[in-house]
Amino acid sequence: MSLEGKTLFITGASRGIGLAIAERCAADGANVAIAAKTDKPHPKLEGTIHTAAEAVEAAGGKALPVVCDIRDEDSVEHAVEKTAKAFGGIDIVVNNASAIFPVGTKDTPMKRWDLMHQVNARGTFLVTQKCLPHLEKAENPHILALSPPLDMKEKWFAPHVAYTSAKFGMSLCILGWAGEFRGRIAANAIWPRTAIATAAIANVLAGEEAFANCRKPEILAETAYRVLTKPAAEFTGNFLIDDTFLAAEGVTDLDQFAVEPGQPLLPDFFVPDDIPAPAGVDLMDVQLSG
């Protein structure tokens, strides 16, 4: 199945994982709405909705750069309406935008709690709700979230209750939508086994020096593409770890996704113990969460 002519609404697609997904889908000739806040260059963050649109078109797709703050209902409604008008509908929603501030309870200002829950859980719900009328008319509609499996272990919550609950809020939406729309609209989540070389790693978690032990955003782009080209009526309710899913799909060369092949990889948050890494994947003993 190809994504040629399909329209994707991707949040947070001006850079990083969202942009990588946009470019991978654009290679099929897809239409992509780059829905993000960065209209003008940011002093600390690379890329804008306009540079992302250029990359999508260079990859072979059609792009619509649209300013969208997923915390604001009017902003989301405008972006969705503009996308549907430009491309004649929406086939796929990718809830990629996320806010991160992984610290303990006493060190979490309430404005950070509010931001994470507004962007992650509420934003995912709001964007999907506004796109729903268009998804209901689509031929093979998909909802995808960049959110973790619902592994209810204390170790994931204890270091950063606010962040974990916000990310798991996205996954709870996927769990519910898989049942609510079963047989009509697919709802799935994907998550990386390892740290991904993005601005979050550079600016929040570990610094750019950790990039050597990261994978590139392209591993999640390939994972997303393979999910989004599956039959929506059949493939739904899955919480997928990128390399395990790709290995099951027959992708044997996972080193292609490493920033520096041969270096051990830094494990990400939230990967359940009962989903082991594929053969040959070398993980560091230290983990992002601790």
Chemist: Could you state the interatomic distance from CD1 (I90) to OG1 (T7), rounded to the nearest 0.5 Å?
Modeler: 7.5 Å
Chemist: If I take atom CD from residue E180 and atom CG from residue L175, how far apart are they, to the nearest 0.5 angstrom?
Modeler: 11.5 Å
Chemist: If I take atom CD1 from residue I174 and atom CD1 from residue I190, how far apart are they, to the nearest 0.5 angstrom?
Modeler: 10.5 Å
Chemist: Determine the minimum heavy-atom distance between P149 and I241, stating which atoms define it.
Modeler: CG-CD1, 3.9 Å
Chemist: Could you measure the distance from the CD atom of E54 to the CD1 atom of I34? Nearest 0.5 Å is fine.
Modeler: 11.0 Å
Chemist: Charged N to carboxylate O below 4.0 Å: is that the case for E81 and K85?
Modeler: no
Chemist: Describe, in one word, how the ring planes of H160 and F269 are oriented to each other, choosing from parallel (under 30°), tilted (30 to 60°) and perpendicular (over 60°).
Modeler: perpendicular
Chemist: Using the rule that two of Ile, Leu, Val, Met, Phe, Trp, Tyr join whenever any of their side-chain heavy atoms come within less than 4.5 Å, decide whether L8 and L220 are in one cluster.
Modeler: yes
Chemist: Given side chains that start at C-beta, do those of L135 and I143 come closer than 4.5 Å, heavy atoms only?
Modeler: yes
Chemist: Do M1 and L228 belong together in a cluster built from hydrophobic side chains that touch within less than 4.5 Å?
Modeler: no
Chemist: Between L126 and T124, does a side chain to side chain contact (heavy atoms under 4.5 Å, CB included) hold up when you go through it step by step?
Modeler: CA-CA 6 Å; L126 174 59; T124 292; over 6 Å; no
Chemist: Looking at K62 and E57, is any side-chain nitrogen of the basic one under 4.0 Å from a carboxylate oxygen of the acidic one?
Modeler: no
Chemist: Verify, without hydrogens or angle tests, whether N188 (side chain) and N238 (backbone) share a donor-acceptor contact under 3.5 angstrom.
Modeler: yes
Chemist: Could you tell me if the side chain of L265 sits less than 4.5 Å from the side chain of C214, heavy atoms only?
Modeler: no
Chemist: Tell me if the centroids of the rings in H134 and F9 come within less than 6.0 Å of each other.
Modeler: no
Chemist: I would like to know whether N140 and D91 meet side chain to side chain contact (heavy atoms under 4.5 Å, CB included); could you show each step before the answer?
Modeler: CA-CA 7 Å; N140 193 51; D91 301 279; over 6 Å; no
Chemist: Do D242 and T223 have side-chain atoms, one donor and one acceptor, less than 3.5 Å apart?
Modeler: no
Chemist: Taking atom CD as the centre, does E4 end up with more than 12 heavy-atom neighbours from other residues, nucleotides or ligands that are less than 6.0 angstrom away?
Modeler: no
Chemist: Does NZ in K216 sit with more than 12 non-hydrogen atoms of other residues, nucleotides or ligands closer than 6.0 Å?
Modeler: yes
Chemist: What is the ring orientation for F270 with F168, classed by angle as parallel under 30°, tilted 30 to 60°, or perpendicular over 60°?
Modeler: perpendicular
Chemist: Between the side chains of K130 and E73, is the shortest nitrogen-to-carboxylate-oxygen separation below 4.0 Å, so that they form an ion pair?
Modeler: yes
Chemist: Without hydrogens or angle criteria, can the side chains of R15 and T198 be said to hold a donor-acceptor pair below 3.5 Å?
Modeler: no
Chemist: Output yes when R182 and E234 qualify as a salt bridge under the 4.0 Å nitrogen-oxygen rule, no when they do not.
Modeler: no
Chemist: Begin with the C-alpha distance, continue with both residues' side-chain angles, and end with the deciding distance and a verdict on side chain to side chain contact (heavy atoms under 4.5 Å, CB included) for I100 and K167.
Modeler: CA-CA 9 Å; I100 180 171; K167 286 304 294 185; over 6 Å; no
Chemist: With distance as the sole criterion, is a donor-acceptor pair present between the side chains of N95 and T11 under 3.5 Å?
Modeler: no
Chemist: If you compare all heavy atoms of Q118 against all heavy atoms of R122, which two are closest, and at what distance to 0.1 Å?
Modeler: O-CB, 3.5 Å
Chemist: Does the side chain of I219 come within less than 4.5 Å of L246's, by heavy atoms?
Modeler: yes
Chemist: Are any of the side-chain heavy atoms of H50 and D39 separated by less than 4.5 Å?
Modeler: yes
Chemist: Applying a strict under-4.5 Å side-chain criterion to I, L, V, M, F, W and Y, I'd like to know whether V127 and L64 cluster together.
Modeler: no
Chemist: Same hydrophobic cluster for M170 and V76, using side-chain heavy-atom links shorter than 4.5 Å among ILVMFWY?
Modeler: no
Chemist: Linking I/L/V/M/F/W/Y whenever any side-chain heavy atoms sit under 4.5 Å apart, do L144 and I196 land together?
Modeler: yes
Chemist: Decide side chain to side chain contact (heavy atoms under 4.5 Å, CB included) for T48 and K40; before the verdict, give the C-alpha distance in whole Å, the side-chain angles of both, and the deciding distance to 0.1 Å.
Modeler: CA-CA 6 Å; T48 68; K40 295 178 173 60; 5.7 Å; no
Chemist: Is K37 salt-bridged to D72, going by a charged N under 4.0 Å from an acidic O?
Modeler: no
Chemist: Which heavy atom of V119 sits nearest to which heavy atom of I70, and what is that distance?
Modeler: O-CD1, 3.3 Å
Chemist: Evaluate the side-chain proximity of E218 to R24: yes if any heavy-atom separation is below 4.5 Å, no if none is.
Modeler: no
Chemist: Short question: side chain of T164, backbone of W156 - any donor-acceptor pair under 3.5 Å?
Modeler: yes
Chemist: Locate the shortest heavy-atom distance separating P267 from L283; write the atom from each residue and the value.
Modeler: CG-CB, 4.2 Å
Chemist: With no hydrogens and no angle check, just 3.5 Å: does a side-chain donor-acceptor pair link Y163 and N120?
Modeler: no
Chemist: Within the side chain of T128, is there an N or O that forms a donor-acceptor pair under 3.5 Å with the backbone of F125?
Modeler: no
Chemist: Could you tell me if the side chain of T194 sits less than 4.5 Å from the side chain of N213, heavy atoms only?
Modeler: no
Chemist: For a quick test of reading the model, state the closest non-hydrogen atom pair linking A187 to T236 and the distance between them.
Modeler: N-OG1, 2.9 Å
Chemist: Check T108 against W113 and note the closest heavy-atom contact, atom names and distance.
Modeler: CG2-N, 4.2 Å
Chemist: Scan D243, D282, D268 and name whichever one has a salt bridge (Lys or Arg N to Asp or Glu O under 4.0 Å) with R193.
Modeler: D243
Chemist: To the nearest 0.5 Å, how far apart are CG in L19 and CD1 in I21?
Modeler: 9.5 Å
Chemist: Give the C-alpha distance, both sets of side-chain angles, the deciding distance and a yes or no for salt bridge (charged side-chain N to carboxylate O under 4.0 Å, His left out) between R71 and D114.
Modeler: CA-CA 10 Å; R71 298 170 297 176; D114 291 341; over 6 Å; no
Chemist: May I ask you to establish whether R215 and F257 are in a cation-pi arrangement, using a distance under 6.0 Å from NZ or CZ to the six-membered ring centre and at most 45° from the ring axis?
Modeler: no
Chemist: Run the side chain to side chain donor-acceptor pair (under 3.5 Å) check on S165 and H117 step by step: do they pass?
Modeler: CA-CA 8 Å; S165 58; H117 284 262; 3.2 Å; yes
Chemist: Donor-acceptor pair, distance only, cut-off 3.5 Å: does the side chain of D28 make one with the backbone of A30?
Modeler: no
Chemist: Less than 4.5 Å apart, any side-chain heavy atom of T244 and any of P278?
Modeler: yes
Chemist: Taking the side chain as everything from C-beta on, heavy atoms only, tell me whether F101 gets closer than 4.5 Å to P109.
Modeler: yes
